[in-house]
**Student:** 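What follows is a single structure, and I will ask about it in a moment.
These numbers come from the heavy atoms of this one structure, side chains and all, not from hydrogens, waters or symmetry mates.
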Amino acid sequence: MRGLKLIESFKGTQVHALNPPDTTVVNSTGSSSTSSKLGNHRVKFIGSKLKSNKARSGSGAKTLLPFGLPRTDLLEPPIEPHLKSIQLVETLSNLYRRFETCSESEKSLVCIEQYSVLSCLGDPKLLRRCLRAARQHAFDLPSKVVLSAWLRYERREDELDGVSPMDCSRFVLECPKAALVSGYDPNSIYDHCKCYQERSEFTQVSKGDEFLALEEDSDICFRVGNEDINCIRFKIAALSTPFKAMLYGSFTESKSYRIDFSQNDISVEGMRGVDLYSRTRRVDSLSPEIVLELLSFANRFCCEDMKSACDIHLASLVSCIEDALDLIEYGLEERANALIASCLQVLLRELPSSLYNPKVMKIFCSFEARERLASARHASFLLYYFLSQVAMGDSMVSNATVMLLERLGECATEKWQKALALHQLGCVLLERKEYVSAQCCFEAASEAGHVYSLAGMARCRYKQGQQYSAYRLTSSLISEYKAVGWMYQERSLYNVGKDKIADLETATELDPTLPFPYKYRAVSKAEEKQTRAAISEIDRIIGFKLVPDCLELRAWFLMAIEDYGSALRDIRAVLTLDPSYKMFNEQVRGDILIEFLNYKVQLGSQADCWMQLYDRWSSVDDIGSLAVIHQMLVNDPGNSLLRFRQSLLLLRLNCQKAAMRCLRLARNHSSSEHEKLVYEGWILYDIGHREEALARAEKSISIQRSFEAFFLKSYTLADSSLDPESSSYVIQLLQEALRCPSDGLRKGQALNNLGTIYVDCGKLDQAATCYMNALEIKHTRAHQGLARVYFLRNQRKAAYNEMSKLIEKAHNNASAYEKRSEYCDRETAKNDLNMATKLDPLRTYPYRFRAAVLMDDQKETEAVEELSKAIAFKPDLQMLHLRAAFYESMGDMKSALCDCEAALCLEPNHMDTLDLYNRARDRAINPQEM
């Protein structure tokens, strides 16, 4: 009966999610001719509509909600364009074993496979480590060129003022010159590049040497047209085997003094260049046009050394897109490997802007273009993987994106490569509403072993009105495989009534990081006129995962209850995360909505904003702080200090991409050199270049002593195991920072850091003084440090009370509950940790603590399950290590090794895991010693 009822409920008209289908045609540049024309008119229409509403005497939510509230029937989660393994730990374990056992020439591609598997986790640092490892192990020029450009693209140096796309900031793995050197150098990751050396690799031959070479006696001449070019017979013969046969073999030319070369497609200047090269073995002094002529000549007469010299020299001349576009055709025609690599390198390092150049896209996009690159051995899966990722990031619906993904599929040779290319093409076609083609791609990807593509296949059926078929497909997924959150989330789209809600609850239970279930439940409550309950529901995920569309949804609800100040706060936070974000189903720019909300809210002066920022920062209200800074930047967009504050908040909120953008803007807007150096130092620190960050801090201090420079230096030095001498030096640096001018917000942080160093040195009285001074200037987080001091003095009750004060004051207090658990009895600690997990499921300590308690109680199975529950949605290094240790103690060496390998795939140099791995491996080999 339940099945029959379900089938009947699916017979209704298909409702397309988000927006109804349109007839927009996407042109070759990727822009939509219809939507681009309508876009500006729509914004103007909305603006006029909002203005007319504002002009009316009536007020209320309808004034600022011209499109109404969101509806549950228009909500759906995206199909993510990543490989998404349903057995991620086992997959990572397999990748680690393969990397350790494969040949050196295969390691680079294994690293790229790691990158593709880990992309679903969204951790930029983890992905960058994979790219760096791939570049380090790359052998051939094409791979080195792509990977160095990819690393540079991930750093987005194009956002820094005055930095060339060919700049590598002295990092050899990103160096354009190092990428044009073949072979593997195992020490390359530790070296700096050679770009800044005074002597270039392509030094000019001296005029004196050239004159002496030309003075040598000639014994043969080549006639080109009406001119004779005197040469040296044995040196011309040494250019190639054909020349040797012609000049010293049985041909008539071997007896001739004058040889007519007029019919060999070479000019007089070109033949003189051949003579010069035969004498000097250099082409540096020749014009590019002559070198190109020599390149063609060398190909015709098999002069390999001359071809190589011309190839390398021409490669060194490519410095901009115009050069690359001019020379790549010559390179492809003459099979000049270095020249092609150099041209591709320039085009790739100009991404994403070069995507908009039709000449560039002509080189990459068409099938014929790929064939030409393939014939020169430069069309690779790696090249098109990079290009397609950039294209999808720019536009999911452009023709260029489709063509690049098609080329990616043509280059795919391994199963995972085919699955990735087909799945991503399916995602793009789904976005373009080409449901039949998308379904074919998803089906092919699933046949290649990618189970998650079945979710895309179900979605395509749903879009074509086959809702029950989609339901059956997702149900079969749940019954056939170990269930994960996205399976229940996907099935909820095709389910109805209480069963839909049950699927959403199960999805959240299995994976609390999925935004869609929270959004659906919130909108459902809003539809039932329970708007405050809707806000509470969406607050659950905003509390630990800052997602723009969740913030936007909360803003809608807040406007509905006429809480315009809070709505304005959320919209400002959204625009901090994504300045180009559009509201109301992408129909209204965020800044336009802010303009009209400003009429509903009393705005303070810049001085008032500073006071608000101080209060919100002190109450650990990170979203509120972001909103205040956004408002201040509207009035003072060039304030680099405010941009820096933005970046600090965003890093705290785990929004690394937005944080790096703000740091770069801070650097770009800096008015002084010493300030620029500080922000560059933080950028380098955040991408893992600690020594370079330290050098920037020291250079900044040498120019002008400042709080931020000393703070950066102390922070960088403290980010390692400190011996007593190093700790004393860090203390001196923080004391110097505190002597420099700054505001209370930053001085509070410095005092807090100073207290931490004192605690580590055992100087508890000095630490307590630092924390109390920090609290006097409202640095609320100092309660945590002071609690630690009390605990180390055996004043456990005082420590607990101190953390309770932090919980009362802090707007975001999951970490405070976690920390307070250390200062109370087991049962109270359990309650605090449960609260920490409820507020922020991504915090791993509570799972590890609960698992350790269960293990102490000899509940081994329950302990493993506690960790497994979290590892399923957050494969964290520490949790994998702990579970491996549990497995080892239980005698399950196979599972222990699997977890160790997965952990080492995330962090290859984690010493504790390496020790555990070696121990478990020994016990697995010699079970009798267990």
Side-chain angles (χ1 to χ4, degrees), residues 85-115 117-118 121 123 125-126 129-130 132-134 136-137 184 186-187 189-190 416 482 688 720-721 844-845 847-930:
S85 174
I86 58 171
Q87 293 182 312
L88 184 57
V89 173
E90 290 78 2
T91 301
L92 294 176
S93 170
N94 177 261
L95 282 168
Y96 179 77
R97 285 197 307 274
R98 284 171 50 203
F99 180 83
E100 291 298 309
T101 57
C102 70
S103 66
E104 198 61 51
S105 61
E106 296 173 313
K107 288 186 183 295
S108 183
L109 194 57
V110 174
C111 292
I112 293 302
E113 187 176 353
Q114 286 180 353
Y115 176 94
V117 170
L118 292 171
L121 301 180
D123 185 339
K125 290 186 178 180
L126 196 57
R129 186 187 63 74
C130 292
R132 285 171 59 82
Q136 183 192 2
H137 291 282
Y184 168 61
N187 298 315
I189 196 169
Y190 306 109
W416 73 268
K482 182 179 179 181
S720 59
S721 299
T844 63
Y845 174 76
Y847 300 99
R848 290 186 281 126
F849 179 88
R850 288 189 291 264
V853 169
L854 289 167
M855 204 68 178
D856 289 343
D857 294 340
Q858 297 184 342
K859 297 178 179 179
E860 296 174 337
T861 303
E862 291 88 339
V864 168
E865 286 176 355
E866 178 66 26
L867 292 173
S868 300
K869 180 171 61 177
I871 289 171
F873 63 85
K874 185 179 172 64
D876 173 76
L877 170 68
Q878 297 292 342
M879 288 195 289
L880 286 166
H881 174 85
L882 183 58
R883 192 172 72 171
F886 286 175
Y887 280 132
E888 185 203 25
S889 69
M890 295 161 64
D892 186 351
M893 294 302 122
K894 182 179 178 181
S895 298
L897 289 171
C898 181
D899 278 356
C900 284
E901 288 161 350
L904 292 170
C905 190
L906 299 174
E907 178 46 72
N909 299 317
H910 191 253
M911 294 308 301
D912 290 343
T913 303
L914 282 168
D915 291 341
L916 176 59
Y917 182 53
N918 292 329
R919 189 168 66 244
R921 190 165 52 181
D922 290 342
R923 292 182 64 183
I925 295 171
N926 304 299
Q928 65 275 10
E929 297 180 7
M930 292 176 62

**Student:** Quick one: closest heavy-atom pair of Leu877 and His910, and the distance?
**Tutor:**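 Scanning both residues completely, I find the closest heavy atoms to be CD2-CD2, 3.6 Å.
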
**Student:** Do the side chains of Leu906 and Asp123 get nearer than 4.5 Å, heavy atoms only?
**Tutor:**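 A side-chain contact is absent here, since even the closest heavy-atom pair is not under 4.5 Å.
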
**Student:** Do the non-hydrogen side-chain atoms of Met890 and Val864 ever get within less than 4.5 Å of each other?
**Tutor:**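 Side-chain contact under 4.5 Å: yes.
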
**Student:** I want to check something: taking the side chain as every heavy atom from C-beta on, are Cys111 and Gln136 in contact at a cut-off of under 4.5 Å?
**Tutor:**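 Heavy-atom side-chain distance check fails, nothing below 4.5 Å.
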
**Student:** For Leu914, does its backbone N or O pair with a side-chain atom of Asn918 as donor and acceptor, under 3.5 Å?
**Tutor:**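 Checked: pair present.
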
**Student:** Leu880 pairs by side chain to side chain contact (heavy atoms under 4.5 Å, CB included) with which of Leu867, Thr913, Ile871, Leu92?
**Tutor:**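 When Leu867, Thr913, Ile871, Leu92 are each tested with Leu880, the side chain to side chain contact (heavy atoms under 4.5 Å, CB included) holds only for Ile871.
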
**Student:** So, is the end of the Arg98 side chain (NZ or CZ) under 6.0 Å from the ring centre of Tyr96 and within 45° of the ring's axis?
**Tutor:**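 No, Arg98 does not lie over the aromatic ring of Tyr96.
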
**Student:** Donor-acceptor pair, Ser93 side chain versus Val89 backbone, under 3.5 Å?
**Tutor:**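 Not a single qualifying donor-acceptor pair exists.
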
**Student:** Looking at CD of Gln114 and CZ of Arg129, how far apart are the two atoms once the value is rounded to the nearest 0.5 Å?
**Tutor:**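 Answer for the CD-CZ pair, Gln114 versus Arg129, is 6.0 Å.
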
**Student:** Just by modelled atom types, is the Gln878 backbone N or O under 3.5 Å from a matching donor or acceptor in the Asp876 side chain?
**Tutor:**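 It does hold such a pair.
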
**Student:** Distance to the ring centre below 6.0 angstrom and angle to the axis at most 45 degrees; does that hold for Arg921 and Tyr917?
**Tutor:**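 The answer is yes, since Arg921 meets both limits relative to Tyr917.
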
**Student:** May I ask you to test the Phe99-Leu904 pair for a side-chain heavy-atom distance under 4.5 Å?
**Tutor:**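 No - every pair of side-chain heavy atoms lies 4.5 Å or more apart.
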
